[in-house]
Each structure stands twice: as C-alpha cells, then as structure tokens.
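See below for the structure under consideration.
Atoms within each ligand, like the ligands themselves, are counted from 1 in listed order. Just so it is clear, the structure is predicted and the values come from calculations on it, not from any experiment.
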Amino acid sequence: MVVEPLADPSGLPHDVLAAVQSVLGTADALIPLHEPEFRGNEWAYVKECIDTGWVSSVGSYVNRIEADLAAYTGTAHAVATVNGTAALHICAVLAGVESGDEVLMPALTFIATANAVSYSGAVPHFVDSEEVTLGVDAVRLERHLTDVAEMVDGRCINRSTGAVIRALMVMHVFGHPADLDALTSLCERWGLVLIEDAAESLGSFYHGRHTGNVGRIAALSFNGNKVLTTGGGGAILTNDPELARRAKHLTTTARVAHRWNFIHDEIGYNYRLPNINAALGCAQLERLPEMLERKRMLAERYVAAFSDVPGIRVLTEPDNSRSNYWLNTIVLDPSHAGDHEAVLTALNDANYMSRPLWTLMHQLPMYAACPRADLSVAEGLARRVINLPSSPNLVDAA
Ligand SMILES: *Cc1c(COP(=O)(O)O)cnc(C)c1O
C-alpha cells in the first residue's frame, strides 16, 4: 500500500508516526491493536475436547483453569464464566448490590462495567480518573462523597437521590493498576464494597498482589483482544469461600446437586464457561508469563522511541506496580489535544491500528442521566489518549 505523505510533515502526527514506525517497521498490511497468539498446547487441548466429546458445560479443563487462575493470581478461588461481563454482573450481585442502589465507577471505562451494574438493577454513579494510572482518583472521589453523600447507620447515602451507594467498582485501565491502597481505605471510611473490574489486568500486580486479589471480589475477561483468550470467557476471583460457592452456584443455574433430579433453589444464570473454551485458556495460561515478557519488551521499545518526541507521554506502570502492558498508550500534552484526530488518522492510514479512549459513559444516551461527579480529568484525557498496536507477536520470541 502507498502511504500518502502527511500534509504537515513536521508536526506532531509526523513525529508520532515516525516513532511508531521505528518500533514496528513499515506495515504492508494492517497491524491490529491486539491479536491473540496460539503457539503452545492450544490445538492439542481443544482437539482433546472434540475427540472425547467434552466440549460443553462439564469437563476437566473448567476445573483446571479455575485452579490455575487461583494459583497464578494468588487468590483463594476462581470461578470461570462465559465472559467478563457476566463475571462482573455476578460480582455486583455478590457484593450485595440491590435494585435501586448506586455503584460508583469511573466514567472512563469500557461499557461492560456500567452494563453489568445495570443488569443488577442498580444505577452507575460516575466518578473522575487521574492522569498517572488513568484509574479512579481517590482524592477527587473523597471530595465528591463529602459533597454529595452522608453516612447513615453505617451506610453511604446519596443525599440528593436518597439511594444507598453500595460499592465502588474500580477498573485497571489498559492493565495499569489503580491506586488500590487509597481506594481501599476510602471504601472502609464510606462503607463501600470494593469490586475490581480486572478484565484488562491479568498479569498486573499492585504492590506485589495480583490485581483482582485486593477487593472483595473481582472479574477477569478472556475476550479475544485481552492478554489471554479463551475465545470468549471470564472469571470471578475472591478470597471468600462463601462468595466463591455462591458464584459457582449462581453461574450454573443455581442447580442443587442430585443424581438425576433438576432442582434449582433460586433464579440463577447460565454463565458457565464451556470446557472447549477452558481448554484454550489452559494452554494460553501456560504461556502467559512468556507473552507478558515480550509485551513488556514492546512497551520498553515504545518508551525509547518516544523519549525525544516532545508533547507526548507514554503511559508506564505506576510506582510499586507491575503492569501487563495490555495496550500501549500515549497521552498527548493538553496543548496538543488539537492534534488528536490528525495523529489517529496518520497512524491508521499507515496501517498501524490505533484507537482513542472509549466514549465516556456519561456521554452515552442510556447513561447520560446517571449521577456523576465532576469529570473534567476524564473528559480531558478522552481528547488526548491513543492506544498503539500491542500484540505480543510484535516482539519475536528469543
Ligand atoms: C473486556 C472488558 C470487560 C469484559 O468484557 P467481555 O467481552 O464480556 O469479556 C469488562 N470490563 C472491561 C474494562 C473490559 O475491558
């Protein structure tokens, strides 16, 4: 493909394009944002499911991926689910979120965070993010709660809506751990349950603890674009054995064990992960450390390539955290926000698939009327963030 020369060959779009080109080389075909890599036992394990007939809701790979995930994350229990959104839905239910409650969450997140809370009948209450991690800003959230909420009998009440603010759902954006210490102590002060949307952060550690192992309950995603894929899938993580038991029960139609009778003791969900998907995930998990190592090398190459590009910051892991670098991210300085579209155009035109932030939740029609804090930091970031191609195969195995 012939790449049209940029109109302004000396501006920021040109500098960004040159930096990306120096990392990835010229692209004759589209370089995706993130594509899965199957170089291990994936085929063997999936074939075994087909050969034995164990492809669906029962089979040994579901048990194995749950044990392997618990071991990898250092969490006592993992319950595999059909996708990350379903895992988040059950997290909300098990955190005690009830119809009419409010759940604090960043406006800067993927739609699944807000949808999962809506499925439980609760209302998202959007809060602002911070520049370092792109995660929820604990200082601004504290100020917001002081303004709009009060503690009544140990519960956090929104003074203007009268609703119980039940939980805080944090999200580790692009794999960078949010400021969990500050957010944990905020939750303690305000009687909130901390839920982690760790969908993007398998392989990311906060102060030595795996993300998802800090809050009361957490969700992972194994969608095709995440660091590890099962085709579609997810998992619930918790250290609480009773929550884990409830998670397994609710995600498997709430069926009561019996040799042949079909007895269900509450309205459950068909949210279990099929065995064939779990098989793919078991093979992926064997290679996760090695894939993360190459993703880390790619991140280092981006940092080096952008080090002398003025007006740009490459997002790096926060102090005392280890990121999985799911998606590499550049942040334009506020004075360059006007170049955002032009940079995206230059990169995508040259076959480097690049994407802006999600549309912020409060700017989508179904969530426009939800309660919210001042969101000026998230709104500013939405005009300045760009994700770059981040697949592990962009760095060759040694
Ligand atoms: C991917 C993702 C999810 C879950 O997505 P599924 O496609 O349902 O597995 C949830 N939250 C965030 C922030 C995500 O990026």
Side-chain angles (χ1 to χ4, degrees), residues 32-36 65 69 78-93 95 97 103-120 124 126-127 129 133-136 167-178 180 183 194-204 211-212 215 217-237 247 251 269-274 277-278 280-281 284-285 295 315 323-329 355-362 364 367 378 381-382 385 387 390-391:
L33 199 61
H34 202 284
E35 63 180 341
I65 199 170
L69 286 168
V79 175
T81 60
V82 71
N83 57 51
T85 310
L88 273 178
H89 175 201
I90 298 302
C91 286
V93 170
V97 172
V103 175
L104 301 165
M105 69 176 67
L108 193 174
T109 189
F110 176 59
I111 190 73
T113 320
N115 283 348
V117 162
S118 300
Y119 301 159
S120 70
F126 299 117
V127 300
S129 306
T133 63
L134 305 187
V136 168
L168 167 64
M169 200 176 261
V170 300
M171 201 274 273
H172 306 295
V173 184
F174 308 137
H176 300 294
L180 285 169
L183 293 164
L194 181 63
I195 306 169
E196 290 179 77
D197 180 346
E200 305 183 355
S201 62
L202 179 65
S204 299
T211 52
I217 193 161
L220 300 173
S221 167
F222 313 130
N223 190 35
N225 61 346
K226 298 286 165 42
V227 294
L228 178 151
T229 190
T230 56
I236 298 161
L237 300 178
T251 54
Y269 302 88
N270 180 14
Y271 278 176
R272 64 189 128 202
L273 183 70
N277 299 84
L280 194 58
Q284 288 262 285
L285 203 50
K295 287 175 64 61
L315 210 64
S323 295
N324 65 5
Y325 284 99
W326 173 47
L327 291 185
N328 286 284
T329 303
R355 290 292 180 264
L357 273 182
W358 308 280
T359 299
L360 300 176
M361 294 303 106
H362 68 294
L364 297 171
Y367 293 125
L381 285 165
V385 165
N387 290 126
S390 299
S391 310

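Distances from atom 7 (O) of ligand 1 to the heavy atoms of T113, D197, N223, N225 put N223 nearest. Counting heavy atoms only, A112 comes closest to atom 10 (C) of ligand 1 of the residues G175, A86, A112, P106. Of the listed options A199, G234, A114, A199 places a heavy atom closest to atom 3 (C) of ligand 1.
Between F126 and Y367, the two ring planes are perpendicular [angle over 60°; tilted spans 30° to 60°]. Between H176 and Y325, the ring-plane angle classifies as perpendicular under the 30° and 60° cut-offs. Using cut-offs of 30° and 60° on the angle between ring planes, the pair H89 and Y119 is perpendicular.
Among the atoms of M171, none of the N or O lies under 3.5 angstrom from an N or O of ligand 1. Of the polar atoms of T85, at least one N or O is found under 3.5 Å from an N or O of ligand 1, judged by distance alone. Taking any N or O of W358, backbone or side chain, none lies under 3.5 Å from an N or O belonging to ligand 1.
Looking at every heavy atom in both residues, S129 comes nearest to L108 through OG-CB, 3.6 Å. Nearest heavy-atom pair, T229 versus P36, reported as atom, atom and distance to 0.1 Å: CG2-CB, 3.7 Å. The two residues A178 and L183 come nearest to each other via the heavy atoms CB-CD1, 4.1 Å.
Judged by the shortest distance from any of its heavy atoms, A87 lies outside the 4.0 Å radius around the atoms of ligand 1.
The nearest protein atom to atom 15 (O) of ligand 1, hydrogens excluded, is given as E200 OE2, 2.5 Å; this is a heavy-atom distance. The shortest contact between atom 2 (C) of ligand 1 and any protein heavy atom is with K226 NZ, 2.7 Å.
Against a heavy-atom cut-off of under 4.0 Å, N83 is close to the following atoms of ligand 1: 8 (O), 9 (O). In summary, the atoms of ligand 1 found under 4.0 Å from a heavy atom of G233, numbered by their order in the structure, are 9 (O). Per-residue contacts place S221 under 4.0 angstrom from the following atoms of ligand 1 (heavy atoms of the residue considered): 1 (C), 4 (C), 5 (O), 6 (P), 9 (O).
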Step-by-step side-chain contact (heavy atoms from CB on, under 4.5 Å) determination, L180 to H172: CA-CA 10 Å; L180 285 169; H172 306 295; 3.7 Å; yes
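Checking side-chain atoms of N324 against main-chain N and O of E200 turns up a donor-acceptor pair under 3.5 Å.
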